[in-house]
Amino acid sequence: MSGGQETDFERVTRLARAAGLPEVTLGTSYGTPALEVRGKSFVRIRHAGILVVMCALEEKEMLMEAEPDLYFETDHYKGWPAMLVRLAAISDADLTQRLLAAWRQKAPKRLAASFGHGA
């Protein structure tokens, strides 16, 4: 893991903890650092500066159109409920919202329902 990935992942982990996301554990996905909820990855480093974040397809299309400097996809992610995020371009507040949404996407329904933040 390069220094850039460690710094990026530390930021993502810090924001997930600050948001109080329950049952988040550290893991790996495709050989890169990931955050999981009950064994399901909801966000991972793709490479330095780029984060893969799970999201609903409708939301993905809207976000990529509204803010292409922040959110994008490669051919690999077309039609998949995940998008790529440019970490250097996204604010902590916006990244926290993406983490919350991604966590809700993968968390079991009861756990998601018991978590106090809005969708």
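- Residues Glu73 and Trp80 form no side-chain contact, since every pair of their non-hydrogen atoms from C-beta on lies 4.5 Å or further apart.
- Side-chain contact between Tyr30 and Val52 is absent, with no heavy atoms from C-beta onward closer than 4.5 Å.
- For the pair Ile45 and Leu87, the minimum side-chain heavy-atom distance is below 4.5 Å.
- Considering CZ of Arg11 and CD1 of Ile90, their distance stands at 7.0 Å, rounded to 0.5 Å.
- Remark: Met64 CE to Tyr77 OH distance equals 12.5 Å, nearest 0.5 Å.
- To the nearest 0.5 Å, atoms OH (Tyr71) and CE (Met62) are separated by 9.0 Å.
- Take Glu59 and apply the side chain to side chain donor-acceptor pair (under 3.5 Å) test, not counting sequence neighbours, and it matches Arg98.
- Here the side chains of Leu26 and Leu35 are in contact, with some heavy-atom distance below 4.5 Å.
- Not a single side chain to side chain donor-acceptor pair (under 3.5 Å) links Lys106 to another residue, sequence neighbours left out.
- For the pair Arg104 and Phe115, the cation does not sit on the ring face, since its NZ or CZ is not both under 6.0 Å from the ring centre and inside 45° of the axis.
- Val37 places none of its side-chain heavy atoms less than 4.5 Å from the side chain of Leu21.
- Taken to the nearest 0.5 Å, the CG atom of Leu70 stands 9.0 Å off from the CG atom of Leu63.
- Between Phe9 and Thr32, the closest side-chain pair of non-hydrogen atoms is not below 4.5 Å.
- Rounding to the nearest 0.5 Å places NZ of Lys78 at 12.0 Å from CG of Leu57.
- The two residues Arg44 and Ala34 have their closest heavy-atom pair at CB-CB, 3.7 Å.
- Among Gln105, Glu61, Met83, the single residue meeting the side-chain contact (heavy atoms from CB on, under 4.5 Å) criterion with Cys55 is Met83.
- In this structure, Lys109 places its NZ atom where only 12 or fewer heavy-atom neighbours from other residues, nucleotides or ligands lie under 6.0 Å away.
- Smallest separation of non-hydrogen atoms from Gly79 and Lys60: N-NZ, 4.2 Å.
- Scanning all heavy atoms of the two residues, the minimum distance from Asp69 to Ala89 falls at O-CB, 3.9 Å.
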